[in-house]
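Read through the structure below, which is laid out as structure tokens, and then see the notes.
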2 protein chains.
Amino acid sequence: MKEIKKRSVCPVSSSLDIWGDKWSLLIVRDLMYAKQCTYGDFLKSDEKIATNILAARLLTLESSGIISKNEHPESKAKVLYQLTEKGINLLPVLIEIYLWGEKYFTLSDYHIEFLKKVKEDKQQFINNLTQKLRKEILNT
Amino acid sequence: MKEIKKRSVCPVSSSLDIWGDKWSLLIVRDLMYAKQCTYGDFLKSDEKIATNILAARLLTLESSGIISKNEHPESKAKVLYQLTEKGINLLPVLIEIYLWGEKYFTLSDYHIEFLKKVKEDKQQFINNLTQKLRKEILNT
DNA sequence: TAAATTCACTTGCAAAAAGCAAGTGGTTAA
DNA sequence: TTAACCACTTGCTTTTTGCAAGTGAATTTA
């Protein structure tokens, strides 16, 4: 776990020191959906991250203990990226960003449905997804 | 309200397009405490933002409707920066970042006390602070 | 089994953004 | 009326981002 230089002792500032950029939380988002787990899958996301930036972010996230690199069950050529407990714990942050975004942006039907489920019982939704993601770690 | 180029229709990505950097949320944080409201006050924060970067971020946040520039009651030389309703609504995001940071960083006594209050009743804390910040807007 | 393809990156370079220090032009206090 | 304060701006260097092409190991295809 590489040490990142902290600008201050504020937990917000220290958090942003690690993942306060335009890409890191999108990687976490992709892992949260748990459909995309390989390097190539991240590249396929709608935002079109550049490959060298992706490599750099994956390194930072890994050395900060937010994601882990694992063997892919299908092939030795592939790498399986997964959230760690520390990464899973970013879920509430991500959910609140979704809910803020819901207020100020036009959403796709997909996101409308997603956020409907979230809002039915936010805490329950977070708990369920957290449990699901934890189980995926154990099965590796 | 200047339009910022969106990388995709994802609300997380669109949110990060506006304030996904190392500084924007620290400005929001300072305004949330409602003690720091002038340009000079932002410069005094522990993280030591560069003055040109501060100017740029304030412009973006203003043109995105997250903060507003107002007359300072004390002097014409000063400018009063305030959160708008859109900015106040970032409070839940900020609180979840605090709570994540609490898990993984060493906190100052100040932040320990702050987060103790937050955790006693998170929703109540957010509601109260939201109301308080809204009142401050009205009194301007 | 050799060649083509897939996969996870790396490298090189141009453009953009961040960071630093000094400067500017109104406002206010002495 | 002069000095200090305030909110920026400007110029310059360093760092980061973004794009395109390349690399080498693993895997599929002919």
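Each chain gets a letter, A, B and so on, in the order the sequences are listed, and its residues count up from 1.
Ionic pairing of A/Lys119 and A/Glu102 is present here: one or more N-O contacts between side-chain nitrogen and carboxylate oxygen are shorter than 4.0 angstrom. Ion pairing between B/Lys122 and B/Glu96 holds under the 4.0 Å rule for side-chain N and carboxylate O.
Two rings, from A/Phe105 and A/Tyr98, have their centers 6.0 Å or more apart.
Closest to the B/Lys78 side chain, of the nucleotides C/dC9, D/dC8, D/dC6, is D/dC6. Nearest nucleotide to the A/Val79 side chain, out of D/dA7, C/dT28, C/dA8: C/dA8.
Phosphate contact (OP1/OP2 of D/dT9, side-chain N/O of B/Tyr39, threshold under 4.0 Å): absent. Contact check, A/Lys69 against C/dC9: a side-chain N or O comes under 4.0 Å of OP1 or OP2.
Residue A/Thr51 is classed as a base contact, given a heavy-atom separation below 4.0 Å to a base. Using a 4.0 Å heavy-atom distance criterion, B/Tyr81 is classed as a sugar-phosphate-only contact.
With rounding to whole Å, A/Glu47 atom CD is found 13 Å from D/dC19 atom P. Nucleotide C/dA22 holds its P atom 16 Å from the CG atom of B/Leu43, rounded to whole Å. B/Leu59 places its CG atom 15 Å from the P atom of D/dA7, with the value rounded to the nearest Å. Between the CD1 atom of A/Ile27 and the P atom of C/dA8 there is a distance of 14 Å, given to the nearest Å. The CD atom of B/Glu74 sits 10 Å away from the P atom of D/dC6 (whole-angstrom rounding). When the P atom of D/dC8 is taken as reference, atom CD1 of B/Ile49 falls 13 Å away, rounded to whole Å. In this structure, B/Lys48 atom NZ and C/dC20 atom P are separated by 12 Å, rounded to whole Å. C/dA8 atom P lies 13 Å from atom CD1 of A/Ile67, rounded to whole Å.
At least one donor-acceptor pair closer than 3.5 Å links the side chain of B/Thr84 to the backbone N or O of B/Lys86.
Between atom OH of residue B/Tyr81 and atom NZ of residue B/Lys69 there is a gap of 4.0 Å, rounded to the nearest 0.5 Å. Once rounded to the nearest 0.5 Å, the distance linking CZ of B/Arg29 with OG of B/Ser24 reads 12.0 Å.
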What does the list of N/O pairs under 3.5 Å between the protein and nucleotides 16-18 of chain C look like, with a distance for each?
residue : atom : partner : partner atom : Å
C/dA18  : OP1  : B/Arg57 : NH2          : 2.5
C/dA18  : OP2  : B/Arg57 : NH2          : 2.9

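Results of the side-chain contact (heavy atoms from CB on, under 4.5 Å) test with B/Ile27 over B/Leu83, B/Ile66, B/Leu58, B/Thr60 single out B/Leu58 as the only residue that passes.
Mapping B/Ala77 and A/Ala77 onto DNA chain D via the closest heavy atom, the residue that lands nearer the 5' end is B/Ala77.
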